[in-house]
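Written out below as structure tokens is the structure these notes cover.
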Amino acid sequence: MNTEITGSDRIAQSNGRVLLVGCGNMGFAMLRGWIEKGIPANRIDVVEPNDDLRKRAASTGASVHASAEDMTGGEAPAMAIMAVKPQVMAKVLESYRGFATRGTTFVSVAAGTLIETIEKALGGKPSVIRCMPNTPAFIGEGMMVCVANEKVEDADKAQCETLLSAGGKVAFVEEESMMDAVTGVSGSGPAYVFHFIESLSAAGAAAGLPPELSEELAIQTVYGAAKLAREADEDPTQLRKNVTSPNGTTAAGLSVMMTDDRLRTMIEEVVNAAADRSRELAKD
Ligand SMILES: NC(=O)C1=CN([C@@H]2O[C@H](COP(=O)(O)OP(=O)(O)OC[C@H]3O[C@@H](n4cnc5c(N)ncnc54)[C@H](OP(=O)(O)O)[C@@H]3O)[C@@H](O)[C@H]2O)C=CC1
Ligand SMILES: O=C(O)[C@@H]1CCC=N1
């Protein structure tokens with residue numbers, strides 16, 4: 001018999017409930033990842049005002065609520081995952097102030113919103129973790145990067161890590177200022193990759209392939225290359241070289257991408273633009 005205690009077992013055995021506030025694109029991706037990895041739905045409450053999105057959340061087995069009032073009188077959750085837009089985060093947090101003094105660890109996934117802003121909105125000295133997830137959490141392949149304030153105890157950090165790791169990989173950083181670059185790389189990153197897939201697929205269709213076939217080639221190529229980069233002993237630079245025969249087809253293609261560091265320069269601009277926007281959101 002396998003007696004290993006998994007992360008989901010630990011959540012199941014703990015008495016703590018998980019509250020998810022906002023179940024749109026990011027909130028639902030995390031919720032689905034948790035459920036798929038065996039986090040018990042009967043430990044999860046979701047607050048989502050949109051009727052359709054609330055129904056979608058309910059389909060996972062989680063308890064759903066239309067507003068904070070439906071549940072702020074009850075048991076304080078061990079963790080409250082706040083997945084509303086940065087522009088409304090401070091206002092929404094105010095409704096949950098009561099939990100902050102009753103041991104709840106607040107985890108905000110909002111881009112830009114500073115720990116300081118979250119602390120002010122909650123009042124006192126609440127336990128706060130700022131996290132930047134990404135939507136591949138939907139299939140348990142997300143990247144979640146977190147930074148905690150000094151009120152967060154090791155046990156709370158471990159519990160948060162357990163929950164978030166049901167959606168993929170979890171890393172903690174010490175400096176909050178890194179979160180802008182994190183957002184520019186892994187938070188927004190899936191969108192860059194989806195656009196690369198769109199572009200590769202469109203280029204294949206323009207070169208004469210049936211569009212459905214071209215899309216399949218583009219998706220499988222990105223998936224296979226990412227999986228190989230994750231699993232191979234060689235680094236991405238060597239893996240690129242392995243594809244590139246001297247004076248072959250790849251060398252011809254890459255010369256368009258790499259001459260004058262064309263793609264690298266553009267990606268640097270892309271990441272900087274996203275990170276700058278994250279810094280701007282902090283001031284809104
Ligand atoms: N999308 C992504 O890939 C990522 C997003 N994030 C962050 O996640 C957060 C959510 O983004 P995203 O999921 O894309 O946005 P969505 O708009 O898809 O989801 C936010 C949801 O919160 C709901 N909401 C609004 N007010 C409340 C409230 N008072 N209580 C509970 N729910 C409420 C919204 O309803 P309504 O629309 O009716 O207002 C909406 O359904 C943002 O802060 C974003 O920065 C972080 C990483 C990646
Ligand atoms: O576009 C945004 O602002 C959010 C944060 C990272 C991904 N989506």
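Indexing begins at 1, ligand by ligand and atom by atom, following the structure's order.
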In the protein, which heavy atom is nearest to atom 3 (O) of ligand 2, and how far is it?
Ala111 CB, 4.3 Å
To check your reading of the model: name the closest protein heavy atom to atom 1 (O) of ligand 2, its residue, and the distance in Å.
Ser188 OG, 4.7 Å
Would you say ligand 1 has an N or O under 3.5 Å from any N or O of Cys23?
no
Using a 4.5 Å cut-off on heavy atoms from C-beta on, say whether the side chain of Leu254 contacts that of Val243.
no
Any side-chain heavy-atom pair of Leu263 and Met258 under 4.5 Å:
no
Mark up the atoms of ligand 1 that fall under 4.0 Å of a heavy atom belonging to [X], in ascending order.
X: Ala83; answer: 9 (C), 10 (C), 20 (C)
X: Met132; answer: 46 (C), 47 (C)
X: Val21; answer: 30 (N), 31 (C)
X: Pro86; answer: 42 (C), 43 (O), 45 (O)

Is at least one protein non-hydrogen atom found at under 4.0 angstrom from atom 22 (O) of ligand 1?
yes
Non-hydrogen protein atom less than 4.0 angstrom from atom 35 (O) of ligand 1:
yes
With heavy atoms under 4.0 Å as the rule, classify the contact between [X] and ligand 1 as side chain, backbone, both or neither.
X: Leu53; result: side chain
X: Met89; result: neither
X: Val92; result: side chain

Which one of [options] has a non-hydrogen atom at the shortest distance from [atom]?
atom: atom 47 (C) of ligand 1; options: Ala57, Pro133, Gly112, Gly187; value: Pro133
atom: atom 1 (N) of ligand 1; options: Leu20, Asn25, Leu93; value: Asn25
atom: atom 13 (O) of ligand 1; options: Gln87, Met26, Glu48; value: Met26
atom: atom 14 (O) of ligand 1; options: Arg56, Lys91, Lys85, Met30; value: Lys85
atom: atom 38 (O) of ligand 1; options: Asp52, Val47, Asn50; value: Asn50
atom: atom 6 (C) of ligand 2; options: Gly187, Gly189, Gly184, Ser278; value: Gly187

In terms of hydrophobic clustering (I, L, V, M, F, W, Y; side-chain heavy atoms under 4.5 Å; direct or indirect links), are Leu20 and Ile139 co-clustered?
yes
Answer yes if the side chains of Gln238 and Asn242 hold a donor-acceptor pair under 3.5 Å, and no otherwise.
yes
Does some non-hydrogen atom of Val88 fall short of 4.0 Å from ligand 1?
no
Any ion pair linking Lys157 and Asp154 (charged N to carboxylate O, less than 4.0 Å)?
no
Is Arg264 paired with Glu268 through a side-chain N to carboxylate O contact shorter than 4.0 Å?
no
Salt bridge (charged side-chain N to carboxylate O under 4.0 Å, His left out), paired with Glu119, selected from Arg130, Lys125, Arg97:
Lys125
